[in-house]
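Structure first, commentary second.
Positions are given from 1 along the sequence.
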Amino acid sequence: MIRSKELLRELHEGTIHPVYILLGEDSGAKEEFIRLLFNKLFGDKSREEQDLSTAVFYGDDAQIPTVIENANTYSFFPNRRVILVHDFEKMGNLNALSEYINTPNLETVLILLSKKKSISKKLEESARYTRVSVFWPMFRGEGEGWFYGRLKELNIKAEKDAVEYIFDVSGTGRDELNVQLQFLASYLADGEVLTLEKVEDAVVHLDTYTVFDLCNALFIKSSKEILFIYRQLLDYGEDLSKIVYFCTREILKLYDCFTMSETCLLYTSPSPRDLSTSRMPSSA
């Protein structure tokens with residue numbers, strides 16, 4: 001087991017392992033690591049290609065043989081596949097998973113996620129090709145340093161008291177801070193400085209829903225839940241054009257992904273002539 005900082009250092013140096021077991025309650029930090037990992041793996045590849053090279057499972061309804069079968073499937077594109085398994089410990093008997101971890105497919109990156117802080121001794125002993133790390137919540141000083149780094153990546157300049165106000169409202173959880181960053185990136189003009197006056201108007205109060213919650217709910221939650229979030233956004237004065245823009249963007253992403261998958265199926269399926277030929281009896 002190694003520290004998360006060491007894990008990030010390896011990734012920045014270009015070292016990518018075939019299996020990662022990411023533990024701990026700081027899901028935002030784990031998502032940040034996965035985002036950086038995807039950048040290393042896919043680079044400037046299209047979002048559609050990235051989606052078609054990724055499979056996501058959830059431990060409470062996933063079967064270990066299905067996960068392993070996906071992990072042993074090679075990518076259609078010239079890059080490695082990524083398999084994400086949330087709450088992997090809920091899949092039950094992990095013996096078969098231990099066997100895969102001991103001899104993994106080196107062309108796949110399997111990422112096992114759990115909120116627990118430890119794994120079984122048997123699973124850890126199988127992990128010679130694996131990186132295991134616990135992601136602990138940040139302290140205030142560490143969190144502010146991380147936040148300034150993300151602001152720099154997004155080309156956002158912020159005054160110190162504005163950042164302090166965000167931490168007073170959000171705390172140090174990366175999930176909450178990432179919500180604030182997403183909102184600020186769409187709220188501020190390019191090169192605009194974030195002041196305390198602006199942040200008091202712009203900061204997302206996390207006891208309410210955001211447009212990103214609505215986008216994440218599309219095609220996943222029930223229509224009743226989606227409408228509830230939508231009405232909450234309108235009640236809190238969210239701009240309707242902004243809601244339509246972000247929802248449309250998500251729908252177009254899904255449409256592009258579907259179109260690409262259908263195109264791939266068209267080019268890999270046998271032609272009617274091939275099928276008719278295959279049915280012809282061979283000559284004696």
Side-chain angles (χ1 to χ4, degrees), residues 1-56 67 70-86 88 97-98 100-119 123-156 172-175 177-178 181-182 185:
M1 189 174 294
I2 67 172
R3 298 177 63 185
S4 58
K5 287 184 178 179
E6 179 69 12
L7 204 64
L8 288 166
R9 184 189 62 77
E10 286 186 346
L11 187 59
H12 284 301
E13 292 175 353
T15 302
I16 298 175
H17 299 274
V19 182
Y20 289 96
I21 301 178
L22 309 182
L23 308 171
E25 297 177 356
D26 194 345
S27 57
K30 289 182 279 188
E31 288 174 7
E32 180 75 5
F33 174 79
I34 293 170
R35 182 182 68 82
L36 295 172
L37 177 63
F38 271 54
N39 288 342
K40 287 287 185 181
L41 286 172
F42 298 109
D44 58 355
K45 297 291 192 301
S46 68
R47 179 61 184 268
E48 291 78 15
E49 185 172 331
Q50 177 177 311
D51 290 342
L52 290 171
S53 300
T54 305
V56 182
V67 172
N70 272 266
N72 282 322
T73 301
Y74 289 87
S75 175
F76 180 79
F77 300 99
N79 52 251
R80 297 164 81 173
R81 278 174 55 77
V82 178
I83 311 297
L84 281 161
V85 185
H86 296 271
F88 77 92
L97 190 62
S98 299
Y100 172 83
I101 288 174
N102 195 40
T103 55
N105 178 7
L106 300 181
E107 297 302 314
T108 295
V109 178
L110 174 64
I111 305 173
L112 303 173
L113 301 161
S114 174
K115 293 180 181 178
K116 291 190 173 183
K117 301 178 181 66
S118 61
I119 56 176
L123 195 62
E124 190 166 3
E125 288 174 349
S126 303
R128 58 175 177 167
Y129 294 101
T130 305
R131 279 292 185 258
V132 183
S133 185
V134 180
F135 286 75
W136 303 98
M138 296 183 294
F139 291 106
R140 176 74 177 243
E142 179 188 1
E144 289 185 2
W146 172 85
F147 194 78
Y148 276 114
R150 291 288 288 117
L151 287 173
K152 185 176 181 181
E153 290 177 18
L154 296 169
N155 195 29
I156 297 174
T172 60
R174 281 186 175 87
D175 276 341
L177 293 171
N178 273 319
L181 286 164
Q182 283 182 301

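Using bins of under 30°, 30° to 60° and over 60° for the plane-to-plane angle, the ring pair Phe135/Phe33 lands in the tilted bin.
Distance alone, capped at 3.5 Å, places no donor-acceptor pair between the Lys115 side chain and the Ser27 backbone. Looking only at distances, a side-chain donor or acceptor of Ser133 sits under 3.5 Å from a matching main-chain atom of Ile2.
Taken from CG in Leu41 to OG1 in Thr54, the straight-line distance is 8.5 Å, to the nearest 0.5 Å. Put simply, OG1 on Thr108 and OH on Tyr74 are 7.5 Å apart, with the number rounded to the nearest 0.5 Å.
Pro18 approaches Leu106 most closely through the heavy-atom pair CG-CD2, 3.9 Å. In this structure, His12 and Lys40 approach most closely via the heavy-atom pair O-NZ, 3.3 Å. Between Gly24 and Lys30 the shortest heavy-atom distance is O-NZ, 2.6 Å. Across Val56 and His86, no two heavy atoms sit closer than the pair CG1-CD2, 3.8 Å. Here the closest heavy-atom approach between residue Tyr100 and residue Asn105 is recorded as OH-N, 3.2 Å. Scanning both residues, Leu23 and Phe88, for their nearest heavy atoms gives CD2-CE2, 4.3 Å.
Counted within 6.0 Å of CZ on Arg3, heavy atoms from surrounding residues, nucleotides or ligands total 12 or fewer; the atom is thus considered open. In the displayed structure, Glu144 atom CD is contacted under 6.0 Å by more than 12 heavy atoms of other residues, nucleotides or ligands.
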